[in-house]
Amino acid sequence: MRVELKNTTRKLCIIGDPVLHSKSPILQNAMLSALGLDYVYLCQPVAGGLAEEWLRFAKFAGYAGFNATMPHKEALVPLMDELDPLAAKCGAVNTVSIREGKACGFNTDGGGFLRALDELGVSPEEKRVLLLGSGGAAKAVSAALCMAGATVTVCNRTVKRAEELCGMYPQVMTPAGFSVGELRREAEKADVLVNCTSLGMAGTDAQFEDFSFLEVLPQNAAVCDAIYAPAKTELLKRAEELGHPAMNGMGMLLHQAVLALEHFVEESFDETTALAAARTALEATR
């Protein structure tokens with residue numbers, strides 16, 4: 001990819017440790033080029049514990065904003081001058097827009113998931129969602145679902161962590177365990193199932209011990225996996241075999257990138273063009 005730099009070009013980046021594996025520069029630079037926006041998106045390793053120092057530098061150096069991955073998402077929350085409601089609720093910031101010297105923090109993961117869910121033709125309002133896992137993705141996705149009107153049951157091997165997660169919205173969130181029996185019991189009542197665990201991810205041996213919970217899902221229940229590599233996990237393969245609408249995490253990845261760009265540039269742009277450019281760039285890396 002050829003990136004043209006001018007004296008007016010504004011800087012964006014992603015910080016993290018590790019971060020050199022990130023696909024964000026590929027996605028963002030492709031979108032910026034397609035949209036004709038005068039920005040460049042870089043990759044910046046920042047060690048844990050240095051989020052505050054980095055933020056001071058980013059403001060001084062005139063960055064328009066940056067994305068953040070582990071281990072900085074939670075550390076950035078108290079450093080923000082302004083905090084988006086979703087970021088405040090899930091306690092994690094993955095997008096920082098610097099506006100007139102002020103750092104405005106957002107979490108685009110949850111919103112990205114909702115946009116991908118909409119592409120699948122599913123509205124979360126008044127839906128019963130069974131969410132598997134309690135990590136960072138689970139926090140952002142469950143918070144966004146609750147804010148959009150869903151009720152969420154969180155199944156996790158360590159029930160205490162599920163209970164902690166459900167403390168975000170105790171009126172509409174319920175914790176549960178991860179045994180075969182518990183998964184089957186909760187699946188029977190679900191309109192949407194979302195996997196936010198690493199089970200089935202490429203490069204790991206972790207896998208669901210039993211997929212029988214899919215057999216008791218209501219007929220039209222959607223099955224979503226936050227994993228995008230492989231493109232079709234065993235969970236999604238079996239869900240599709242049973243006739244369920246299904247999606248992987250690629251839509252969430254792409255839509256959260258578009259949302260981040262919206263916060264960075266603070267101007268309207270053609271989302272269809274941006275998404276097409278991001279998808280093409282991502283396909284070229286495979």
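All values below were derived from every heavy atom in this structure, side-chain atoms included, with hydrogens, water molecules and symmetry-related copies excluded.
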Step-by-step salt bridge (charged side-chain N to carboxylate O under 4.0 Å, His left out) determination, E283 to R279: CA-CA 6 Å; E283 284 295 326; R279 285 194 172 99; over 6 Å; no
All salt bridge (charged side-chain N to carboxylate O under 4.0 Å, His left out) counterparts of K189, not counting sequence neighbours: E186
Any T174 side-chain heavy atom under 4.5 Å of E163 side chain: no
Check: H72 side chain, V93 main-chain N or O, donor-acceptor pair, under 3.5 Å: no
N156 (side chain) donor-acceptor with V159 (main chain) under 3.5 angstrom: no
Residues K89 and D84 bridged, charged N to O under 4.0 Å: no
Shortest non-hydrogen contact from L183 toward F178: CD1-O, 3.8 Å
Nearest non-hydrogen partners of H255 and G112, listed with the distance: CB-O, 3.5 Å
Backbone N/O of K160 and side chain of T158: donor-acceptor pair under 3.5 Å: no
side-chain contact (heavy atoms from CB on, under 4.5 Å) evaluation trace for V122 with V192: CA-CA 9 Å; V122 178; V192 181; 3.9 Å; yes
Polar side-chain atom of T9 near backbone of L5 as donor-acceptor pair, under 3.5 Å: no
E52 atom CD: more than 12 heavy-atom contacts under 6.0 Å: no
hydrophobic_cluster_shared for L27 and I14, side chain cutoff 4.5 Å: yes
Salt bridge (Lys or Arg N to Asp or Glu O under 4.0 Å) pairs, two or more places apart, involving residues 205-214: none
NZ/NE/NH1/NH2 to OD/OE distance under 4.0 Å, R115 and E262: yes
Side-chain heavy atoms of D38 within contact of K6, under 4.5 Å: yes
Evaluation steps, side-chain contact (heavy atoms from CB on, under 4.5 Å), between V141 and L131: CA-CA 9 Å; V141 169; L131 187 143; 3.9 Å; yes
NZ/NE/NH1/NH2 to OD/OE distance under 4.0 Å, E240 and K232: yes
Hydrophobic cluster identity match, V216 and F211, side-chain contacts under 4.5 Å: no
Heavy-atom pair of closest approach, residues V154 and C166: CG2-SG, 3.8 Å
Test item: D17 and M70 side chains (from C-beta on) under 4.5 Å apart, heavy atoms: no
Heavy-atom donor-acceptor pair, S142 side chain to A138 backbone, under 3.5 Å: yes
M31 with L275, same ILVMFWY side-chain cluster at under 4.5 Å: yes
Parallel, tilted or perpendicular, as decided by the 30° and 60° cut-offs, for the rings of H263 and F106: parallel
Electrostatic pair E182-R157, nearest N-O below 4.0 angstrom: no
Donor-acceptor contact present, side-chain D191 to main-chain A221, <3.5 Å: no
Chi angles and distances behind the side chain to side chain donor-acceptor pair (under 3.5 Å) call for D225, N248: CA-CA 5 Å; D225 205 324; N248 65 12; over 6 Å; no
Modelled atom types, side-chain donor and acceptor of N67 and T95, under 3.5 Å: yes
same_hphob_cluster(I98, L83) at 4.5 Å side-chain heavy-atom cutoff: yes
Smallest separation among heavy atoms of A274 and L35, with atom names: CB-CD1, 4.0 Å
same_hphob_cluster(V172, L193) at 4.5 Å side-chain heavy-atom cutoff: no
L261 vs Y41, side-chain contact (heavy atoms from CB on, under 4.5 Å): CA-CA, chis, key distance, verdict: CA-CA 10 Å; L261 189 57; Y41 192 102; over 6 Å; no
Side-chain (Q28) to main-chain (A257) donor-acceptor, under 3.5 angstrom: yes
Modelled atom types, side-chain donor and acceptor of D118 and S123, under 3.5 Å: no
Ionic contact status for E188 with R184, cut-off 4.0 Å: no
Non-hydrogen side-chain atoms of V19 and Q44 separated by less than 4.5 Å: no
side-chain contact (heavy atoms from CB on, under 4.5 Å) between K237 and T233, intermediate numbers included: CA-CA 6 Å; K237 288 178 185 177; T233 60; over 6 Å; no
